Amino acid sequence: MKNKLLLTLSVLSLQAALAQSNCATAVPVTAGLTVVPTISGTPHTTFCNTGDPATAANWYVYTPSQTYSVTISTDLQVNLNGDTRFSVYSGNCGSLTCVTGDDDSGNLGNPSYLSVADFVAAAGTTYYIAFDNNWSDNGFTFSLIENEFVPPPPPFMTFTQQSISVAGGYQNCVVDMNGDYLDDIVSIAPNQVTVLRQIPNGGGFTTIQMSAPSTNFMPTWSVAAGDIDKDGKNDLLYGNGSGVAFMKQDAAGTGFTLMQGNEYVFSQRSNFIDLNNDGNLDAFVCHDVQPNVRYLNDGNGNFSFSQGGIGDFPSGGNYGSIFVDYDNDGDQDLFIAKCRGGASNAKVDELHRNDGNNTWTDVSVAAGMNEPSQSWSAAWADFDNDGDMDAMIGASSFADGGHKLRKNNGDGTFTDITVGSGLDTFPVTNIENNAHDYDNDGWVDIFMGSSTIMKNNGDWTFTPQGIIPTNGPIGDLNNDGFLDIQNGNQIYLANGNDNNWSKICLNGVQSNKNGIGARIEMHTASGMQIRDVRSGDGFRHMSSLNTHFGLGSNESIVKVVVKWPSGTIDELWGPEVNKAIILTEGQTLSTGGVSQDIVSIYPNPVRESLNIKADGFELDSYEIFDLTGKKILKGLVKNNTVNASNLTTGTYVAVIKTTDGKSKTAKFIKQ
């Protein structure tokens, strides 16, 4: 802080002045102390504070050489028991505009009638300061302090509200319905699904009325979306208080066929997820009053029902299910935010580890996540960008404590870091919590209740930001790279900022069509961000299946890595920022999209050892992929060679990593 307040008596003589008659003859002042004589000049007719008109004023003029945060004050010991009032104007003497002013904000005296006001003084701008005699004609001393100007942070995000016309009572789904990777708005009614299909390039929406068979299981509690038959069009799951209904979209995209069982399911959160990793989307549904249920896909979009195995508490309490790879082993685990009043253990949260082949282990106690949170949903994301998923469990009641923030320790356990995070002082209970980067700064925020987004500051603290809309389904409804929000017949389009972004859209081949369950890594000069592709987060809504990354000021992307549920790993090097990127499973490496930075390898074709010529850099490790993008080998490069003897005959891509963190690529043939 630059503080030019001079406290010596010698300064007083430098800026002591005689009475000023009017604005035109105002005495120039700079930072420091100024002695004001008896007030006898001409007052202005407008005063920059409340109070009675004055009959006299003394005038001063101030022009800063650079922008400062300025404090003008008579709250000085020398003025004790005085009574002052002043106004600060900009403009010129013929046309003055109030900037600030004060009457009784001082602290000296009991009571104090001295004056203090702060304002931002722009470089080269002239300001007029008028002390009037509303309370006293007596002279006094005032200080002008120039503090370093720190620009305020830009507003978090603003949204433009736009009315839409949709029919139907269930308007909580924003997802692409026709395979063009543009987010549409889905509204569900008996015998009909209305889709507001997004027109490319921000052109608005086209209304499509789609027929739907009658069902008594409307989505009163939740809705999920995913392509259950791999035809390129997303289908719907209705979670009802009595059961579950599946709506399969027809090939023409004009209607749905119904699949509905007779099982009683008091549905809460529902999800599409490939539970047994066979490449087909299954369904998971939280059961409020019994153990949870699963629907396994036979590969043709038909489901078989089973109950139990992932959340078996007899009286349920299962509310907010979210699939997340918390242990970074390549498969999706399950966290259940639970809620039940009183002393019932049905309110104790559960974390289930995926052990493969649709088998699961309850690791809640070992991980430190078995808490009575009374929560309807949890927001999971890598809040500190360290490569693993953290959790915020939102409280729907404070009877068992408030919102909880949990840092992933990277060893299967979590640490409570709620205190001091800002979430500990957020006073509103709510049922909807989701995690997205709303301002595209590269840090994932949390959308909570009371129209509040908790902005992630990047240091495990969150600042509440009030916005216009309440929580709802999230997607990019005008394809501008910023996330928008729907609430019933209103959409709220983010107005954007200067931050860059990337949107990854997946097309599964061996994996499920949507790539649900994939882990996506976004590598930039700032480091790595991760996302898990999910169908169903928060409690009730279905948000976009496209994966959104804010890039902040990064103007380039080093690479995008997609780790598919099938085990295939695709790497795309150097894609453009501010673009939607469609990645098809297994095609990135084979199309030469890995890198433009090539190393020399020989012999090629190779039988035993692959030699690497690396002029100008030191080699560290290697990964070898087949042309589907599946990783075959990895290890350290020793003596600039890689043992390729165990590879079968075929064509491969070698990704060679250097000690400075860069990667080089080359294609070779194994004989």
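Since we're looking at a predicted model, the values are computed, not measured.
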Inset, instruction - Consider only side-chain N and O atoms of D416 and T418, and report whether a donor and an acceptor are under 3.5 Å apart. - result: yes

Inset, instruction - Report the distance from atom CG of N500 to atom CD of E555, rounding to the nearest 0.5 Å. - result: 6.5 Å

Legend entry - Main-chain N/O of I468 paired to Q161 side chain as donor or acceptor, under 3.5 Å: no

Legend entry - Least distance between heavy atoms, E576 atom then I581 atom: O-CD1, 4.3 Å

Inset, instruction - Answer yes or no: is there a side-chain heavy-atom contact under 4.5 Å between M392 and K404? - result: no

Legend entry - Closest non-hydrogen atom pair between D476 and Q198, with its separation: O-NE2, 3.2 Å

Legend entry - D498 CG: over 12 foreign heavy atoms closer than 6.0 Å: no

Legend entry - Exercise: identify the closest heavy-atom pair between C48 and S87: N-OG, 3.0 Å

Legend entry - side chain to side chain contact (heavy atoms under 4.5 Å, CB included) assessment of H403 paired with I393: CA-CA 6 Å; H403 311 296; I393 302 99; over 6 Å; no

Legend entry - Distance, nearest 0.5 Å, that separates OH of Y181 from OG of S544: 11.5 Å

Inset, instruction - Take I467 and F159, measure what side chain to side chain contact (heavy atoms under 4.5 Å, CB included) needs, and give me the verdict at the end. - result: CA-CA 8 Å; I467 59 173; F159 295 83; 3.9 Å; yes

Inset, instruction - Apply ring-ring contact (aromatic ring centres under 6.0 Å, His included) to the pair Y438 and F482, showing each step before the final yes or no. - result: CA-CA 7 Å; Y438 289 93; F482 287 84; over 10 Å; no

Legend entry - Note, T71 side chain near V116 side chain (heavy atom, < 4.5 Å): yes

Inset, instruction - Applying side chain to side chain contact (heavy atoms under 4.5 Å, CB included), run through I485 and F447 and close with a yes or a no. - result: CA-CA 11 Å; I485 304 163; F447 197 174; 3.5 Å; yes

Legend entry - Heavy-atom donor-acceptor pair, S377 side chain to N433 backbone, under 3.5 Å: yes

Inset, instruction - Check the side chains of N133 and T55 for a donor-acceptor pair under 3.5 angstrom, ignoring hydrogens and angles. - result: yes

Legend entry - Heavy-atom donor-acceptor pair, S187 side chain to Q171 backbone, under 3.5 Å: no

Legend entry - Any side-chain donor near an acceptor of the partner, D349 and N370, under 3.5 Å: no

Inset, instruction - Could you point out which residue of Y60, F131, Y127 forms a side-chain contact (heavy atoms from CB on, under 4.5 Å) with I72? - result: F131

Inset, instruction - Measure from the side-chain N and O atoms of R269 to the backbone N and O of V223, and report whether any donor-acceptor pair falls under 3.5 Å. - result: yes

Legend entry - F142 side, atom CZ; T74 side, atom OG1 - distance, nearest 0.5 Å: 10.0 Å

Inset, instruction - Could you tell me whether the side chain of I185 reaches within less than 4.5 Å of the side chain of F205, counting heavy atoms only? - result: yes

Legend entry - Close side-chain approach of D439 to K455, heavy-atom, < 4.5 Å: yes

Legend entry - Side-chain H-bond candidate by donor/acceptor type, D83 with S136, under 3.5 Å: no

Legend entry - Closest non-hydrogen atom pair between A337 and A378, with its separation: CB-N, 4.2 Å

Inset, instruction - First locate atom OH of Y89, then atom OG1 of T126, and finally report the distance between them rounded to the nearest 0.5 Å. - result: 16.0 Å

Legend entry - Side chains of D184 and V174 in contact at under 4.5 Å (non-hydrogen atoms): no

Inset, instruction - Could you give me the CA-CA distance, side-chain angles and deciding distance for F335 and W380, then say whether ring-ring contact (aromatic ring centres under 6.0 Å, His included) is met? - result: CA-CA 9 Å; F335 180 81; W380 281 75; 5.5 Å; yes

Inset, instruction - Would you name the heavy atoms of A494 and L483 that are closest together and state the gap between them? - result: CB-O, 3.4 Å

Legend entry - Cationic tip of R85 above F47 ring, under 6.0 Å, 45° of axis: yes

Inset, instruction - Tell me, with the steps shown, if H44 and L96 meet side chain to side chain contact (heavy atoms under 4.5 Å, CB included). - result: CA-CA 9 Å; H44 194 276; L96 293 175; 3.4 Å; yes

Legend entry - Under 3.5 Å: donor-acceptor pair, side chain of N456, backbone of W460: no

Inset, instruction - Verify whether one side chain among S397 and T429 offers a donor that lies under 3.5 Å from an acceptor in the other. - result: no

Inset, instruction - Measure from the side-chain N and O atoms of T524 to the backbone N and O of S526, and report whether any donor-acceptor pair falls under 3.5 Å. - result: yes

Legend entry - Distance-only donor-acceptor check, side chains S105 and D102, under 3.5 Å: yes

Legend entry - Given N479, T547, N546, the one that forms side chain to side chain donor-acceptor pair (under 3.5 Å) with K503: N479

Inset, instruction - Examine the side chains of D437 and W501 and answer whether a donor and an acceptor come within less than 3.5 Å of each other. - result: no

Legend entry - Check: Q374/D400 side-chain N/O donor and acceptor closer than 3.5 Å: yes

Inset, instruction - Would you kindly say whether S543 and N434 are connected by a side-chain donor-acceptor distance under 3.5 Å? - result: no

Inset, instruction - Mind checking the CD-OG spacing from Q529 to S502? Nearest 0.5 Å is all I need. - result: 10.0 Å

Legend entry - Evaluation steps, side-chain hydrogen bond (donor to acceptor under 3.5 Å, both in side chains), between H548 and N440: CA-CA 9 Å; H548 173 88; N440 281 355; 2.6 Å; yes

Inset, instruction - State which residue, out of K338, K347, R406, fulfils the salt bridge (Lys or Arg N to Asp or Glu O under 4.0 Å) condition with E371. - result: R406

Legend entry - Shortest non-hydrogen contact between C93 and A24, atoms and distance: SG-N, 3.6 Å

Legend entry - Close side-chain approach of I431 and Y319, heavy atoms under 4.5 Å: no

Legend entry - side-chain contact (heavy atoms from CB on, under 4.5 Å) partner of F140, the single match among T38, L114, L76, T84: T84

Legend entry - Donor on one side chain, acceptor on other, N79 and T141, under 3.5 Å: no

Inset, instruction - Determine whether N499 and L551 make a side-chain contact, defined as any pair of heavy atoms from C-beta on separated by less than 4.5 Å. - result: no

Legend entry - Test item: D484 side-chain N/O and L477 main-chain N/O as donor-acceptor pair under 3.5 Å: yes

Inset, instruction - Nearest 0.5 Å please: distance from the CG atom of D386 over to the CE atom of M528. - result: 8.5 Å

Inset, instruction - Keeping the roles fixed (side chain from D445, backbone from I453), state whether a donor-acceptor pair exists under 3.5 Å. - result: no

Legend entry - Heavy-atom side-chain proximity of Y62 to V88 below 4.5 angstrom: no

Inset, instruction - Return yes when atom CG of N201 has more than 12 non-hydrogen atoms of other residues, nucleotides or ligands closer than 6.0 Å, and no otherwise. - result: no

Inset, instruction - Spell out, as yes or no, whether a donor-acceptor pair under 3.5 Å connects the side chain of D390 to the backbone of N408. - result: yes

Inset, instruction - Report yes or no: does D75 contribute a side-chain atom to a donor-acceptor pair with the main-chain N or O of N107 at less than 3.5 Å? - result: yes

